[in-house]
Amino acid sequence: MKRFIGLLAALAVLGGISGCSEQSALSPAGEDADRIALLSWIMFSGATLILLIVAGALVIAIRGPASMRRFLAGETMIRLGGVVVPVLTLSLLLGYGLYLMRERITALEPAVLRISVTGEQWWWRVGYLRDGAAPVSEANEIRIPVGREIDFVLRASDVIHSFWVPSLGGKLDMIPGRTNTLRLKAARPGIYRGQCAEYCGGPHALMALEIIAMPQAEFDAWLAAAERRNDPADAKAARGQKLFLSTGCGSCHAIRGTPATGVVGPDLSRIGERRLLAAATLSNTAENLAGLIRDPQAAKAGMLMPPFAIFSGEDMDALTAYLGSLR
Ligand code: HEC
Ligand SMILES: [Cu+2]
């Protein structure tokens, strides 16, 4: 009994956690997620009803009067409960599931925006695709206009990953050599957390992302600002930039408008405005930034960045001031 109560308490705590966070299929904020949540609740209620009926039948079979027990053990009951009811229930559920997904099956009109997302061990490469211009590179944090159809063009560069933002819709695998497209729409402005949903090696659990849904005008202004030159504003930031460019960061990271054009790691052109670091696992503070650069393994065990213990305190200050200023 004690164990049972312990289990119930653990489930209640888990339920509480998943219900409150912004990463939950039970707090939908998009049409796809609405449908998934509805189907989940229908299946949950149906399964609960069936469980209660079966448990009731079990009690009667053990304790009930002889006539009822005979009826339960009869062939009619077995045909009905063992064949007819399951076939009916599952057929209805399948039909309803296909009906719910009907818009997914028929072709949709072109999306207003296409964003490529590539799964990397263990972060997300992001590109805002534009007609007749190179994509705008980003990483780990995706901004979208609220209420618009957006196609996420999903790829993987190393192993299989899976793109999943539960509040916006279902998950879709990212498979090396293939391109999968997932259409999502955020119904309300907000920050929706996502998570890689296919085990992809060591820090797989530390491969998260955030989608920030904002009004269209705000989004347009933000995307247009990507073209702006991001020169160091003061002497400290200038020194930080010099350090960034002279210590080899640019062989793996790109910052628009500088000679740093590396593509091995995340694009850092706007790292200063991101809410989180290292694939949404650390809050974006100067302290965390310094820790990540000095000792990446302590910040996120397994991450594919070498340690840089070469900077003095003053140098690190300048470097983090520069990175923090990139917006
Ligand atoms: C050998 C390639 C390589 C070099 C050199 C390198 N990095 Fe990285 N860096 C990475 C990779 C890969 C990641 C992403 C790891 C992850 O999140 O799993 C990363 C992540 C980061 C992040 C977090 C980015 C984000 O989107 O949250 C910052 C900041 C960063 N590096 C700064 C630097 C700085 C500063 C230097 C130079 C002192 C540097 N890196 C040198 C490969 C490199
Ligand atoms: Cu993964």
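Order of listing sets the numbers, starting from 1, for every ligand and every atom in it. As the structure is a prediction and not an experimental result, all values here were calculated from the model. Note that these values count all heavy atoms, side chains included, but never hydrogens, waters or copies made by symmetry.
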Student: Who's closest to atom 42 (C) of ligand 1 heavy-atom-wise, of N284, V264, L268, L304?
Tutor: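 The residue whose heavy atom sits nearest atom 42 (C) of ligand 1 is L304.
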Student: With respect to A139, determine whether any N or O atom, backbone or side chain, lies less than 3.5 Å from an N or O atom of ligand 1.
Tutor: no
Student: When E227 is tested against each of R256, R270, R130 for salt bridge (Lys or Arg N to Asp or Glu O under 4.0 Å), which residue passes?
Tutor: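 Checked R256, R270, R130 against E227; only one passes salt bridge (Lys or Arg N to Asp or Glu O under 4.0 Å): R130.
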Student: Suppose we measure from atom 1 (C) of ligand 1 to each protein heavy atom; which comes out shortest, and what is that distance?
Tutor: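 Residue, atom and distance for the closest contact: C252 SG, 2.7 Å.
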Student: Search all heavy atoms of M303 against all heavy atoms of L292 and return the closest pair with its distance.
Tutor: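 Shortest heavy-atom contact: CE-CD2, 3.9 Å.
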Student: What heavy-atom pair brings R69 and I60 nearest, and what distance separates the two atoms?
Tutor: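 Minimum heavy-atom separation between R69 and I60: CG-O, 3.3 Å.
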Student: Which ligand 1 atoms are under 4.0 Å away from a heavy-atom of G248?
Tutor: 5 (C)
Student: Using 30° and 60° as the class limits, which term best fits the ring planes of F311 and F308: parallel, tilted or perpendicular?
Tutor: parallel
Student: When rounded to the nearest 0.5 angstrom, what distance separates CG in L154 from CD1 in I115?
Tutor: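 The CG atom of L154 sits 10.5 Å away from the CD1 atom of I115.
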Student: For H204, what is the atom name of its N, O or S atom nearest to the Cu ion (ligand 2)?
Tutor: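 In H204, the heteroatom (N, O or S) nearest the Cu ion (ligand 2) is ND1.
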Student: Can you tell which of L209, L289, I293, L326 gets a heavy atom nearest to atom 29 (C) of ligand 1?
Tutor: L289
Student: Determine whether a donor-acceptor pair (N or O, by modelled atom type, separation under 3.5 Å) exists between the side chain of D173 and the backbone of I175.
Tutor: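 Such a contact is absent between D173 side chain and I175 backbone.
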Student: Atom 41 (C) of ligand 1: which protein heavy atom is closest, and how many Å away?
Tutor: F308 CE1, 3.4 Å
Student: List the closest protein heavy-atom neighbour of atom 28 (C) of ligand 1: residue, atom name, distance to the nearest 0.1 Å.
Tutor: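 The closest one turns out to be L292 CD2, 3.8 Å.
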Student: What's the shortest distance from atom 34 (C) of ligand 1 to any protein heavy atom, and which residue and atom give it?
Tutor: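 For atom 34 (C) of ligand 1, the nearest protein heavy atom is C249 SG, 3.5 Å.
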Student: At under 4.0 Å between heavy atoms, is it the side chain or the backbone of P306 that contacts ligand 1, or both, or neither?
Tutor: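 Near ligand 1, P306 shows its side chain, while the N, CA, C and O stay back.
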Student: Consider every N or O of T247 and every N or O of ligand 1, then say whether any pair is closer than 3.5 Å.
Tutor: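 N/O-N/O distance below 3.5 Å does not exist for this pair.
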Student: Would you call the rings of Y199 and H204 parallel, tilted or perpendicular, where under 30° means parallel and over 60° means perpendicular?
Tutor: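 Geometry flag for H204 against Y199: perpendicular rings.
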Student: Looking only at protein heavy atoms, identify the closest one to atom 27 (O) of ligand 1 and say how far it is in Å.
Tutor: A278 N, 2.6 Å
Student: Which residue and atom name correspond to the protein heavy atom nearest atom 14 (C) of ligand 1, and how close is it?
Tutor: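 Nearest neighbour among protein heavy atoms for atom 14 (C) of ligand 1, to 0.1 Å: P266 CD, 3.5 Å.
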Student: What atoms of ligand 1 come within less than 4.0 Å of a heavy atom belonging to L277?
Tutor: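 Within the 4.0 Å cut-off of L277, ligand 1 contributes 27 (O).
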Student: Any side-chain heavy atom of E138 within less than 4.5 Å of one from D267?
Tutor: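 Of all side-chain heavy-atom pairs linking D267 with E138, none is under 4.5 Å.
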Student: Should one rank Q121, E138, H253 by closest heavy-atom distance to atom 8 (Fe) of ligand 1, which comes out on top?
Tutor: H253
Student: Identify which one of R125, E120, Q121 satisfies the side-chain hydrogen bond (donor to acceptor under 3.5 Å, both in side chains) criterion when paired with S157.
Tutor: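 Only one of R125, E120, Q121 forms a side-chain hydrogen bond (donor to acceptor under 3.5 Å, both in side chains) with S157, namely E120.
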Student: Is it the case that ligand 1 has an N or O less than 3.5 angstrom from some N or O of K300?
Tutor: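 K300 vs ligand 1: N/O contact under 3.5 Å present.
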Student: Under the criterion side-chain contact (heavy atoms from CB on, under 4.5 Å), which of K236, K242, R239, Q241 is the partner of Y322?
Tutor: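 Going through K236, K242, R239, Q241 one by one, the side-chain contact (heavy atoms from CB on, under 4.5 Å) with Y322 is satisfied by Q241 alone.
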Student: Are F152 and I142 packed together at the side-chain level, in the sense that at least one heavy-atom pair is separated by less than 4.5 angstrom?
Tutor: yes
Student: Name the closest protein heavy atom to atom 15 (C) of ligand 1, giving the residue it belongs to and the distance to 0.1 Å.
Tutor: M303 CE, 3.7 Å
Student: Side chain, backbone, both or neither: which part of I271 comes within less than 4.0 Å of ligand 1 when only heavy atoms are counted?
Tutor: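 Side chain only.
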Student: Answer yes or no: is there a side-chain heavy-atom contact under 4.5 Å between L184 and F163?
Tutor: yes
Student: Do ligand 1 and S251 have nitrogen or oxygen atoms that lie under 3.5 Å from each other?
Tutor: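 Between S251 and ligand 1 (N or O atoms, distance only) the closest approach is not under 3.5 Å.
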Student: Could you grab the angle centred on the Cu ion (ligand 2), going from O in E198 to SG in C200, to 10°?
Tutor: 110°
Student: In terms of residue, atom name and distance, what is the protein heavy atom nearest to atom 33 (C) of ligand 1?
Tutor: M305 CE, 3.4 Å
Student: Between W124 and H161, how do the two ring planes meet: parallel, tilted or perpendicular, split at 30° and 60°?
Tutor: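 Ring orientation, 0 to 90° scale: tilted.
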Student: Taking N or O atoms only and a 3.5 Å limit, does R274 qualify as a polar contact for ligand 1?
Tutor: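 Yes, there is a polar N/O contact under 3.5 Å.
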